[in-house]
Asker: 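Here it is: the structure, laid out below.
Side chains are part of it too, since the values below use all heavy atoms of this structure and drop only hydrogens, waters and symmetry mates.
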Amino acid sequence: MNYWLFKSEPDEYSLSDLKDEPGQVGRWDGIRNYQARNFLRDQVGKGDGVLFYHSACKIPAIVGTARVVRTAYPDPAQFDPESKYFDLKATAENPRWFCVDIQWQSEFTRPVALKEIKQNPALAGMVLVKQGRLSIQPITADEWRTLKQLGS
DNA sequence: GCCAACGTTGGC
DNA sequence: GCCAACGTTGGC
């Protein structure tokens, strides 16, 4: 069982968008970064915990949690010429990009803002603090506990 | 909207 | 395989 932080721009796909999905299950697609892809494809497991992070918005923050209900499968958008995630070089035999399904689990009572995370010594090791741009990142069990507590 | 910190592309 | 040019992310 592992823990992850998934970033999303709330204008594109927010935690409440996930909650509104049938069964509260949504596809986490559109990942087009190799480092994030590799985590998704090779390490994200069924039942893993996900911290839902809102980026590129007024108050960047972790807003709730989800859990992984389906492990990696080829992202259908890469084969769709109409999609902005279309990839000419991807084939069904040799897919380049992957996605997972996650299920809404909880909304934090209090969003945990990036600003607050940066100020907390217990969270100084987070990839979010050290390397801003990665959209899927591993979280330690300690960090998971700390962040859930801060958000409740 | 600016810009720093990456990541990707492609000529050589 | 180097590296310059370009593109993207995302905080501010």
Asker: Between A:Tyr34 and A:Arg133, just flag the one whose closest nucleotide in DNA chain B comes earlier from the 5' side.
Answerer: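 Final value for this comparison: A:Arg133.
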
Asker: Take atom CD of A:Glu9 and atom P of C:dC12, then tell me their distance rounded to the nearest Å.
Answerer: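 Checked: the CD to P distance equals 15 Å.
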
Asker: CG/A:Leu128 to NZ/A:Lys7 distance, rounded to the nearest 0.5 angstrom?
Answerer: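 If I round to the nearest 0.5 Å, the distance is 5.5 Å.
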
Asker: Check whether A:Arg67 reaches the backbone of A:Gln105 with its side chain - one donor and one acceptor, N or O, closer than 3.5 Å.
Answerer: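 Side chain of A:Arg67 to backbone of A:Gln105: no pair is present.
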
Asker: Whole Å only: how far is the CG atom of A:Leu134 from the P atom of B:dT8?
Answerer: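 To the nearest whole Å, that distance equals 11 Å.
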
Asker: Are A:Leu114 and A:Ile139 linked, directly or through intermediate hydrophobic residues, by side-chain heavy-atom contacts shorter than 4.5 Å (ILVMFWY only)?
Answerer: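 Same hydrophobic cluster.
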
Asker: Roughly how many Å is it from CG in A:Asn38 to P in B:dG7, rounded to a whole number?
Answerer: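 Nearest whole value for this atom pair: 12 Å.
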
Asker: Determine the contact category for A:Lys130: base if any of its heavy atoms lies under 4.0 Å from a base atom, sugar-phosphate if only primed atoms, P, OP1 or OP2 are that close, otherwise nothing.
Answerer: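 Here A:Lys130 touches no strand at all.
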
Asker: Where each residue is assigned the nucleotide of DNA chain B containing its nearest heavy atom, which of A:Lys89 and A:Gln35 is assigned the position nearer the 5′ end?
Answerer: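 The residue closer to the strand's 5' end, by nearest nucleotide, is A:Gln35.
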
Asker: Please report, rounded to the nearest Å, how far the C1' atom of C:dG10 is from the CD1 atom of A:Ile59.
Answerer: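 Rounded to the whole Å, the gap is 16 Å.
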
Asker: Between A:Asp80 and A:Ala77, is there a donor-acceptor pair closer than 3.5 Å when you use the side chain of the first and the backbone of the second?
Answerer: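 Flag not set: sc A:Asp80 to bb A:Ala77 has no pair under 3.5 Å.
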
Asker: Counting just side-chain N and O atoms, does A:Gln131 come under 4.0 Å of either OP1 or OP2 of B:dA4?
Answerer: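 Result: no.
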
Asker: It should be established whether A:Lys7 places a side-chain nitrogen or oxygen under 4.0 Å from OP1 or OP2 of nucleotide C:dT9.
Answerer: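 No, because none of the side-chain N or O atoms of A:Lys7 sits under 4.0 Å from OP1 or OP2 of C:dT9.
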
Asker: Measure CD/A:Glu12 against P/C:dG10 and give the value in whole Å, please.
Answerer: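 Nearest whole value for this atom pair: 12 Å.
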
Asker: From OH of A:Tyr53 over to C1' of C:dG10, roughly how many Å is that when rounded to an integer?
Answerer: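 It is 8 Å, rounded to the nearest whole Å.
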
Asker: Rounded to whole Å, please give me the gap between CH2 in A:Trp97 and P in B:dG7.
Answerer: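 Result: 13 Å.
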
